[in-house]
Asker: 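One structure coming up, written as structure tokens, with questions to follow.
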Amino acid sequence: MISRVNFTNELNSLRNSMSEMGEEIKILVDITIQVLINDDFTNIKEVIAGEQNTDELELHIQKQCALLIAKEQPLARDLRLIISIINIITDMERIADQCEDICNYCLKLKDIKPTDNDIYKQHINKMATNVAKMLDNTLLAYKDKDVNILKEVCEYDDKIDAKFAQIWAEIIDTMRQNTDFIIAGPHYIMIIKYLERIADHITNIAEWMIYNITGEYI
């Protein structure tokens, strides 16, 4: 058995590792948004490297959690923290995967330039920006222990789902009207699907953060 002081230090180390992973994910999302919206491929290699790094971080944190559970058999609030972190880092790792997927589809679309009149692209850009804002709000709210903001993030996921359905219909309609777009259209559909999945994972993260803070799982 390790001392209570050491146990507290281990828990603080877990929190710091999770925060570090959250900041890494934020960077990957921000780079992905730049690739998607601005065709800025300058830092795209960082997304691939970052995805691999988050895999390693997830494994490292999982091992920390397993060791703490095995050695200390924590109860109540401490166990709640560990369970929350295990689930949060799983969703974070999946966000990193989907950032890499989006960047790969953007590379396939690199030579296809939508015009200002392509409403679907305008809406994709707005959707991407809102998803990034969801993540920013989630990470900040956790630092501030602001449960209300975390609940707002969860509720906002419905708007992202609705935006996905709207853009999907716009892309399908564009493919019907312009056969040249049939090659690019499915790539854009995959991009918005991954954006929608990122929003789902952010919602999961917010739900587990609420559970960690309050003991209430939505």
Side-chain angles (χ1 to χ4, degrees), residues 1-33 43 45-100 130-157 197-218:
M1 300 289 287
I2 59 178
S3 71
R4 183 65 198 181
V5 172
N6 286 341
F7 180 55
T8 300
N9 290 338
E10 292 282 358
L11 290 178
N12 288 334
S13 176
L14 267 181
R15 290 190 187 94
N16 292 337
S17 295
M18 187 191 76
S19 296
E20 178 186 346
M21 190 169 180
E23 290 303 314
E24 178 74 17
I25 293 299
K26 183 181 182 303
I27 291 170
L28 297 185
V29 170
D30 288 345
I31 293 173
T32 301
I33 299 305
N43 299 314
K45 290 183 179 179
E46 289 187 29
V47 175
I48 298 171
E51 191 278 327
Q52 294 172 346
N53 187 44
T54 55
D55 286 346
E56 294 171 3
L57 276 172
E58 181 191 25
L59 182 59
H60 171 69
I61 296 170
Q62 284 175 340
K63 287 180 177 178
Q64 282 183 289
C65 291
L67 283 172
L68 276 180
I69 292 172
K71 290 191 294 185
E72 280 297 296
Q73 298 179 352
L75 300 174
R77 187 173 182 177
D78 293 334
L79 181 60
R80 198 167 76 215
L81 170 64
I82 295 172
I83 291 172
S84 299
I85 288 175
I86 290 171
N87 284 279
I88 287 169
I89 63 172
T90 298
D91 280 294
M92 285 182 175
E93 188 276 332
R94 289 174 181 168
I95 290 173
D97 288 342
Q98 283 146 8
C99 284
E100 183 179 15
N130 288 340
V131 169
K133 187 175 180 181
M134 282 180 70
L135 180 61
D136 291 346
N137 289 345
T138 299
L139 297 177
L140 182 59
Y142 183 70
K143 288 180 182 178
D144 296 338
K145 298 191 183 307
D146 192 330
V147 174
N148 290 330
I149 295 297
L150 290 171
K151 288 182 177 180
E152 288 177 7
V153 169
C154 297
E155 293 168 0
Y156 195 80
D157 184 54
R197 290 301 298 147
I198 289 174
D200 286 343
H201 290 307
I202 294 170
T203 302
N204 291 344
I205 290 169
E207 288 172 350
W208 282 109
M209 287 177 171
I210 292 170
Y211 173 72
N212 178 25
I213 296 168
T214 68
E216 172 192 7
Y217 183 75
I218 301 177

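From a predicted model like this one, the values you see are computed outputs, not experimental measurements. Quick note: residue numbers are just sequence positions, from 1.
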Asker: Give, for atom CG of Asp91 and atom OG1 of Thr203, the distance between the pair rounded to the nearest 0.5 Å.
Answerer: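 Asp91 CG to Thr203 OG1: 9.5 Å, rounded to 0.5 Å.
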Asker: Testing the basics here: between Gln64 and Ser17, what is the closest heavy-atom pair and its distance to 0.1 Å?
Answerer: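 Nearest pair, atom of Gln64 first, then Ser17: OE1-OG, 3.4 Å.
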Asker: Give a yes or no on whether a salt bridge exists between Glu152 and Lys133, defined as a side-chain N under 4.0 angstrom from a carboxylate O.
Answerer: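 Salt bridge: no.
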Asker: So which heavy atom on Ile61 is nearest to which on Met18, and how close?
Answerer: CD1-N, 4.0 Å
Asker: Checking Ile89 against Leu57 for the side-chain contact (heavy atoms from CB on, under 4.5 Å) test, could you report, in this order, the C-alpha distance in whole Å, the side-chain angles of both residues, the deciding distance, and whether it holds?
Answerer: CA-CA 8 Å; Ile89 63 172; Leu57 276 172; over 6 Å; no
Asker: With a 4.5 Å heavy-atom cut-off, do Leu81 and Leu14 have their side chains touching?
Answerer: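 They are not in side-chain contact.
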Asker: Evaluate Glu100 against Leu28 for side-chain contact (heavy atoms from CB on, under 4.5 Å), listing each step before the verdict.
Answerer: CA-CA 9 Å; Glu100 183 179 15; Leu28 297 185; over 6 Å; no
Asker: Is there a side-chain contact (heavy atoms from CB on, under 4.5 Å) between Leu139 and Lys26 once you walk through the steps?
Answerer: CA-CA 9 Å; Leu139 297 177; Lys26 183 181 182 303; 4.1 Å; yes
Asker: Do Thr54 and Glu58 pass the side-chain contact (heavy atoms from CB on, under 4.5 Å) test, and can you show the C-alpha distance, the side-chain angles, and the key distance before you say yes or no?
Answerer: CA-CA 6 Å; Thr54 55; Glu58 181 191 25; over 6 Å; no
Asker: How about Leu11 and Leu68: do any of their side-chain heavy atoms sit closer than 4.5 Å?
Answerer: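 The answer is yes; the side chains approach within 4.5 Å.
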Asker: Are the side chains of Leu140 and Asp136 in contact, using a 4.5 Å heavy-atom criterion?
Answerer: no
Asker: Rounded at 0.5 Å granularity, tell me how far OG1 in Thr138 sits from CD1 in Ile210.
Answerer: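 These two atoms lie 9.0 Å from each other.
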Asker: Out of curiosity, Asn53 CG to Glu20 CD, how far, rounded to the nearest 0.5 Å?
Answerer: 7.5 Å
Asker: Does any part of the side chain of Glu10, heavy atoms only, come nearer than 4.5 Å to the side chain of Glu72, both counted from C-beta?
Answerer: no
Asker: Give the C-alpha distance, both sets of side-chain angles, the deciding distance and a yes or no for salt bridge (Lys or Arg N to Asp or Glu O under 4.0 Å) between Arg197 and Asp200.
Answerer: CA-CA 5 Å; Arg197 290 301 298 147; Asp200 286 343; 2.7 Å; yes
Asker: Counting C-beta onward and ignoring hydrogens, is there a side-chain heavy-atom pair between Cys99 and Val29 closer than 4.5 Å?
Answerer: yes
Asker: How close do Cys154 and Glu207 get, counting heavy atoms only, and between which atoms?
Answerer: SG-CG, 3.6 Å
Asker: Return the CD1 to CD1 distance between Ile25 and Ile88, rounded to the nearest 0.5 Å.
Answerer: 12.5 Å
Asker: Any side-chain heavy-atom pair from Asn9 and Asn6 closer than 4.5 angstrom?
Answerer: yes
Asker: Is it true that Tyr156 and Asn137 share a donor-acceptor pair across their side chains at a distance under 3.5 Å?
Answerer: no
Asker: Which pair of non-hydrogen atoms, one from Ala96 and one from Glu51, has the smallest distance, and what is that distance?
Answerer: O-CG, 3.7 Å
Asker: Considering non-hydrogen atoms only, spot the tightest contact between Glu216 and Thr214 and give its length.
Answerer: N-OG1, 3.0 Å
Asker: Any chance you could measure Arg94, atom CZ, to Ile202, atom CD1, to the nearest 0.5 Å?
Answerer: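 One finds 14.5 Å between CZ of Arg94 and CD1 of Ile202.
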Asker: Test your reading of the model: is there a side-chain donor-acceptor pair from Asn43 to the backbone of Glu46, 3.5 Å cut-off?
Answerer: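 Not a single qualifying donor-acceptor pair exists.
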Asker: Any heavy-atom pair between the side chains of Ile86 and Trp208 that's under 4.5 Å?
Answerer: no
Asker: Look up atom OH in Tyr142 and atom CD1 in Ile205, then write down how far apart they are to the nearest 0.5 Å.
Answerer: 11.5 Å
Asker: With a 4.5 Å cut-off on side-chain heavy atoms, are Asn87 and Asn204 touching?
Answerer: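 Counting from C-beta outward, Asn204 and Asn87 never come under 4.5 Å.
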